[in-house]
Participant: 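I'd like to ask you about the structure that follows.
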Amino acid sequence: MGACFWRLCAILFVCAIVTTAEDPYRFFDWNVTYGDIYPLGVRQQGILINGQFPGPDIYSVTNDNLIINVHNSLPEPFLISWNGIQQRRNSYQDGVYGTTCPIPPGKNFTYILQVKDQIGSFYYFPSLAFHKAAGGFGGIRILSRPKIPVPFPDPADDYTILIGDWYKANHMSLKAILDRGKKLHFPDAILINGKGLNGASFTVEQGKTYRFRISNVGLQNSLNFRIQGHKMKLVEVEGTHTLQTTFSSLDVHVGQSYSVLVTADQPAQDYYIAVTSRFTAQVLNTTAILHYSNSAKPVSGPPPGGPTTQIDWSINQARAIRTNLTASGPRPNPQGSYHYGMINITRTIKLANSAAQVNGKQRYAVNSVSFIPADTPLKVADYFKIGGVFRVGSIPDNPTGARMYLDTSVMGADFRAFVEVVFENHESIIQSWHLDGYAFFVVGMDGGLWTPDSRKQYNLRDAISRSTTQVYPRSWTAIYIALDNVGMWNLRTEFWGRRYLGQQFYLRVYSPVESIRDEYPIPSNALLCGRASGRSTRPV
Ligand SMILES: *[C@@H]1O[C@H](CO)[C@@H](O)[C@H](O)[C@H]1NC(C)=O
Ligand SMILES: *[C@@H]1O[C@H](CO)[C@@H](O)[C@H](O)[C@H]1NC(C)=O
Ligand SMILES: *[C@@H]1O[C@H](CO)[C@@H](O)[C@H](O)[C@H]1NC(C)=O
Ligand SMILES: *[C@@H]1O[C@H](CO)[C@@H](O)[C@H](O)[C@H]1NC(C)=O
Ligand SMILES: *[C@@H]1O[C@H](CO)[C@@H](O)[C@H](O)[C@H]1NC(C)=O
């Protein structure tokens, strides 16, 4: 057992129960600062990680332990969260305000994550205030362990492509608009890897095949992604190997991640990579460059157009994104060996999003409850049994039609329950929902109202397992979740202004056994704040 491991023991205090001590460790030292960035040619205040915008990619292999020491050099509290990293038994590391105390200015905090039983493409982002509008995000990739088969040949190279809508306005003025109870105006542009029009370039060698890991790290717009003259073969979605389907363009909703293979099989020149916003009256677009190393010609002609039909095209594409049941995921056994369609549902939860004014200010809600943060992270309050911070059951299981109200909404759920969640979107704009701590099966989506009859059209065989799903305007999406991860988990819209103004809550997955086999104790290096200040993280 290496020195690193024992050094960690001192931090973690739970060596006896961390059964994965042999898994490798990767150490990261990150300095988070404000710095000037010029993505659209004008100076902006960006959030940099080790001087970079976007932040550095995290490379890892299934089961690696990631030890990430984050130094907050901003003049305000800061947290990073990890989209799609499941933090098994360990929601304290999740880095949202419901689970983790903010890192005070000038201080540092070491996240101890394990990418347990995961593969695939994800990203990290700053979760507090409106920091995400200033940067601080980056890609996370989890490669398969060497002996686990991957259902496609090794690509010649593997690129992270972070796409997202972007404002020229400073993130603090955007936050101030929301704090005043106003809506944000439409974003100004789309960035690709932190760059504006034709700023990003990806070099390929003719005849070779490349993996592109595309994540939508933006604030509110679904984006369509395509490459002039090239097809994309979809191979992985948020940790699941897909049936390898070829697309000429791909809708990437906010918070989602996709891996595609692209073969440089065209004449040697440069090609446009085009990204366009979707489902809004106003349209944003941008381009980057696919550069052949032996290119004879710069980009030419109009950038490729996107899909001309809107929702039908997109919903059909979504239904075509399915799990390859015979391919391996993080383990050697096939992904299809877990028969989610044969498990009995123990509970159905219906969640309806809504927008309204409360006390003259714009708010957003789930089942009429608009989330407001407590003075103490919920998970931390739960650990120390500090009463009065939140109430389990403060959000109903079904839409009630009640007028919108504010509360620190927490839904209780039993460890090992098998839950059906139906997202009902009665609004005229698309939604994108994410659950921390889990991947879930997207069993169905359709226009109109969900009824129990809608279950007849569920895909109970090879639905995709992922952590972020879209819900089309005036439509529903149904998911199945096996609640096998004890903790306090954020269920949220990925539309950042709406989340900031209340469209989120926490799912408290609880086991009455309270065993360290099901959930690790609070890490001994945990920051304590609010009503937990001055408590001790040492086991008694
Ligand atoms: C972080 O970067 C700032 C600005 O370059 C520097 O002043 C500070 O010392 C750095 N902190 C750490 C912990 O590296
Ligand atoms: C802060 O960083 C230092 C090294 O720069 C490290 O020794 C210390 O453990 C870190 N503190 C926390 C709470 O992570
Ligand atoms: C599914 O995975 C298997 C096993 O790796 C592979 O041989 C097959 O080509 C894949 N099928 C599709 C349609 O992607
Ligand atoms: C991108 O937007 C600009 C300005 O609205 C427009 O002139 C241009 O035709 C658009 N390009 C594409 C490919 O949609
Ligand atoms: C599911 O429910 C049905 C009917 O209630 C029951 O017969 C069956 O045994 C259950 N299956 C499992 C796997 O629990």
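Each ligand, and each atom within it, is numbered from 1 in the order the structure gives.
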Participant: What atoms in ligand 3 come closer than 4.0 Å to a heavy atom of Leu243?
Facilitator: 13 (C), 14 (O)

Participant: Within 4.0 Å of atom 5 (O) of ligand 5 (strictly less), any protein heavy atom?
Facilitator: no

Participant: Below 4.0 Å, non-hydrogen atoms only: which portion of His71 touches ligand 2? Side chain, backbone, both or neither.
Facilitator: side chain

Participant: Can a salt bridge be assigned to the pair Asp518 and Arg89 using a cut-off of 4.0 Å between side-chain N and carboxylate O?
Facilitator: no

Participant: Can you label the angle between the Phe441 ring and the Tyr338 ring as parallel, tilted or perpendicular, going by 30° and 60°?
Facilitator: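 Phe441 and Tyr338: parallel rings.
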
Participant: If you scan the protein for heavy atoms around atom 1 (C) of ligand 5, do you find one that is closer than 4.0 Å?
Facilitator: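 Yes, there is one.
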
Participant: Going by the atom numbers of ligand 3, which of them fall below 4.0 Å from some non-hydrogen atom of Ala327?
Facilitator: 2 (O)

Participant: Going by the order shown, which atoms of ligand 2 are within less than 4.0 Å of some heavy atom of Thr110?
Facilitator: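 What qualifies from ligand 2 is 12 (C), 14 (O).
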
Participant: Under 4.0 Å between a Lys/Arg side-chain N and an Asp/Glu carboxylate O for Asp158 and Arg141?
Facilitator: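 Looking at Asp158 and Arg141, the cut-off is met.
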
Participant: Taking both backbone and side-chain atoms of Asn525, is any N or O found less than 3.5 Å from an N or O belonging to ligand 2?
Facilitator: no

Participant: So which bit of Leu527 gets within less than 4.0 Å of ligand 2, heavy atoms only: side chain, backbone, both or neither?
Facilitator: neither

Participant: Assess whether a salt bridge exists between Asp157 and Arg211, defined as any Lys/Arg side-chain N lying under 4.0 Å from an Asp/Glu carboxylate O.
Facilitator: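 Here Asp157 does not pair with Arg211 in a salt bridge, since their nearest N and O are not under 4.0 Å apart.
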
Participant: Quick one: does any side-chain atom of Arg535 pair with a main-chain N or O of Leu528 as donor and acceptor, under 3.5 Å?
Facilitator: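 Checking the backbone N and O of Leu528 against the side chain of Arg535, no donor-acceptor pair under 3.5 Å is found.
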
Participant: Which ligand 2 atoms does Asn69 reach within 4.0 Å, using its non-hydrogen atoms?
Facilitator: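 Counting atoms of ligand 2 from 1, those under 4.0 Å from Asn69 are 1 (C), 2 (O), 3 (C), 4 (C), 5 (O), 6 (C), 10 (C).
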
Participant: Between Arg347 and Asp397, does at least one N-O distance fall below 4.0 Å, as a salt bridge requires?
Facilitator: yes

Participant: Can you sort out which atoms of ligand 2 are near Asn108, meaning under 4.0 Å from one of its heavy atoms?
Facilitator: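 Here the atoms of ligand 2 in question are 1 (C), 2 (O), 3 (C), 8 (C), 10 (C), 11 (N), 12 (C), 13 (C), 14 (O).
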
Participant: Under the 4.0 Å line, does any protein heavy atom show up next to atom 11 (N) of ligand 5?
Facilitator: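 Yes.
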
Participant: Considering only protein heavy atoms, which is closest to atom 9 (O) of ligand 3, and at what distance to one decimal place?
Facilitator: Asn324 ND2, 4.8 Å

Participant: State the atoms of ligand 2, each with its element, that fall below the 4.0 Å cut-off from a heavy-atom position in Phe109.
Facilitator: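 By the 4.0 Å cutoff, the relevant atoms are 14 (O).
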
Participant: Between Arg319 and Asp446, does any side-chain N to carboxylate O distance fall below 4.0 Å?
Facilitator: yes

Participant: Taking everything shown except Leu449 itself, do over 12 heavy atoms lie less than 6.0 Å from its CG?
Facilitator: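 At most 12 heavy atoms, drawn from other residues, nucleotides or ligands, come within 6.0 Å of this atom.
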
Participant: For atom 14 (O) of ligand 3, what's the nearest protein heavy atom and its distance?
Facilitator: Gln244 N, 2.8 Å

Participant: I'd like to know if Asp382 pairs up with Arg508 as an ion pair, taking the criterion as any Lys NZ or Arg NE/NH1/NH2 lying under 4.0 Å from an Asp or Glu carboxylate oxygen.
Facilitator: yes

Participant: Going by the angle between their ring planes, with limits at 30° and 60°, are Tyr159 and Phe202 parallel, tilted or perpendicular?
Facilitator: perpendicular

Participant: When you check the gap from the basic side-chain N to the acidic O, do Asp94 and Lys379 get nearer than 4.0 Å?
Facilitator: no

Participant: Which atoms of ligand 3 have any heavy atom of Thr326 under 4.0 Å away?
Facilitator: 1 (C), 2 (O), 3 (C), 4 (C)

Participant: Considering only the protein, which heavy-atom contact is closest to atom 3 (C) of ligand 5, and what is its distance?
Facilitator: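 The protein heavy atom lying closest is Asn344 ND2, 3.6 Å.
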
Participant: Please say whether Asp29 places an N or O atom under 3.5 Å from an N or O atom belonging to ligand 2.
Facilitator: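 No, Asp29 has no N/O under 3.5 Å of an N/O on ligand 2.
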
